[in-house]
Amino acid sequence: MSMNAESRMWNMMRDFTGRRSRAALGAVCALAVVAGGAVAGPAAAEPEEPATGTVHAPNWRLPVNVRSGPSLKSSKVGRVRHGATVTIVCTVRGDRVKGGWAATDVWDKLDTGGFISDAFVDTGTDEPAAPDCSGDDPEQPKPTEPAEPTDPPKPTEPPKPTEPAEPEKPDAGEGATAWEKEVFDLTNAERKKKGCQPLRMDARLTKAARLHNQEMRERRYFNHISPVASHRYPEHRAKAQGYQAEVSEIIALGASNPREAMQGWMWSSGHREELLKCSWKSVGVAALKGSPGRGNRLEDTGPWWTQMFGTR
C-alpha cells in the first residue's frame, strides 16, 4: 500500500466518528483501520416520549428496509436512505439484527407505522430511546372461528416419490469455502465486463490469504502489514507458501456476505483498479468469520475478507 493510500486512510478515519463505535468503516475495505466497541452502561429508565434518530445504512449507500413488523420475515413496507431523520413512536423486541456498531433485537416503530431495526438508527443512546410498544405486533394473527365440519375427502392416489434434493455444499470453516467460491465468481464476472481473462484459483495464494485472515482475527487488527517480521508484507506471505511471483492484496472487514465485500471493493477506486488489472493471472481468496463472544468490536465479530492476486 503506497504512502498516498495510507494518508487517505488516516484522513478518512479522522473524518468519521460514530455514537457507539467506528465499526461502520469496516465494510469499506482495507483503506479503513477500524477501532472501538461500545462499553455497556447502567440500564436507563424507560423513556415516555417519542424520539428521533438518524439512519445509518450498511455501506452508507444502500437504503434500509422498513418492515410491517419487528421481524426480518415481515413484509417490506418502505425504505429509508442513509442519513435520513426518522421519528420513533415506540420500541419493541424482535429479530436480532447485526448493525454498524453491534447486534440488537430492539426494533423502532416509526410514525409511518413501519418498523426499522435499532441496529441501523443512531438515537444517541445504547438503550431504547422511546417507550415500549407493549408487545404490539401488527402481524400477530387474529384468532379465527373454527370451521364447520365437512365431509371427509375422497381417497386419492398416493403421490409419486420424488428424487432427493442435492445435498448442500460442505461448509468448511463456518461457511468460508462457499463464501470464497462466491467471491471468486463475482471477481471473474467483474473482470469479464472489462475484457480481462478469468483468474484461476491458486492454492498457495489461498493459504497465504487464509493465514493472514486468521492472524488478523487472533491479534485483533486489520492491516496489510503484519506485526510478525517473518511475513510482514503480502509478498513475504506468498513466498512462504512457495509462490514466487509479483503479488498484490486487497482486504475488507465487516462485510456480512460476499456481495457486500465485493461492493466495498468496487466502490473504492484503488481496490477496483487492483481487482480489474488484466495482468493478474491467479488469485487466492479467503473469508473468515470472527469470534463475537470476545466482544462487539469489528475486530471481534468480523468477518475478514482477503484476496491475493498473482502474475503467474
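Residues take their numbers from the sequence shown, with the count starting at 1. Source: prediction; values computed, not measured.
Using modelled atom types, one finds a donor on one side chain and an acceptor on the other under 3.5 Å when comparing Glu274 with Ser248. With no hydrogens or angles considered, a side-chain donor-acceptor pair links Ser68 and Ser75 at under 3.5 Å. Inspection of the Thr187 and Gln307 side chains reveals an N or O donor paired with an N or O acceptor under 3.5 Å. Asp108 and Thr91 form no side-chain donor-acceptor contact under 3.5 Å, judged by distance and modelled atom types alone. Using modelled atom types, one finds no donor on one side chain facing an acceptor on the other under 3.5 Å when comparing Ser226 with Tyr233.
Between Val89 and Leu110, every side-chain heavy-atom pair lies at or beyond the 4.5 Å cut-off. At least one side-chain heavy atom of Met266 sits less than 4.5 Å from a side-chain heavy atom of Leu276. Using a 4.5 Å heavy-atom cutoff, the side chains of Trp265 and Val183 are in contact. Contact check for Val121 versus Val86: side-chain heavy atoms found under the 4.5 Å cut-off.
With Arg232 contributing its side chain and Ile225 its backbone, the two residues share no donor-acceptor pair below 3.5 Å. The main-chain N or O of Lys277 is found under 3.5 Å from a side-chain atom of Arg191 such that the two form a donor-acceptor pair.
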Does the salt bridge (charged side-chain N to carboxylate O under 4.0 Å, His left out) test come out yes or no for Asp105 and Arg96, once each step is laid out? CA-CA 4 Å; Asp105 62 354; Arg96 190 170 179 83; 5.3 Å; no
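Aromatic ring orientation, His56 versus His82: perpendicular (interplanar angle above 60°, classes split at 30° and 60°).
Ring-centre distance between Trp179 and Trp305: below the 6.0 Å cut-off.
Results of the side-chain contact (heavy atoms from CB on, under 4.5 Å) test with Leu205 over Thr306, Val283, Val247 single out Val247 as the only residue that passes. Screening Thr123, Val97, Asp118, Val92 for a side-chain contact (heavy atoms from CB on, under 4.5 Å) with Val106, the sole residue that qualifies is Asp118.
Separating the CD atom in Glu218 from the CD atom in Glu299 is a distance of 13.5 Å, to the nearest 0.5 Å.
Within a 6.0 Å sphere centred on CZ of Arg200, heavy atoms belonging to other residues, nucleotides or ligands number more than 12.
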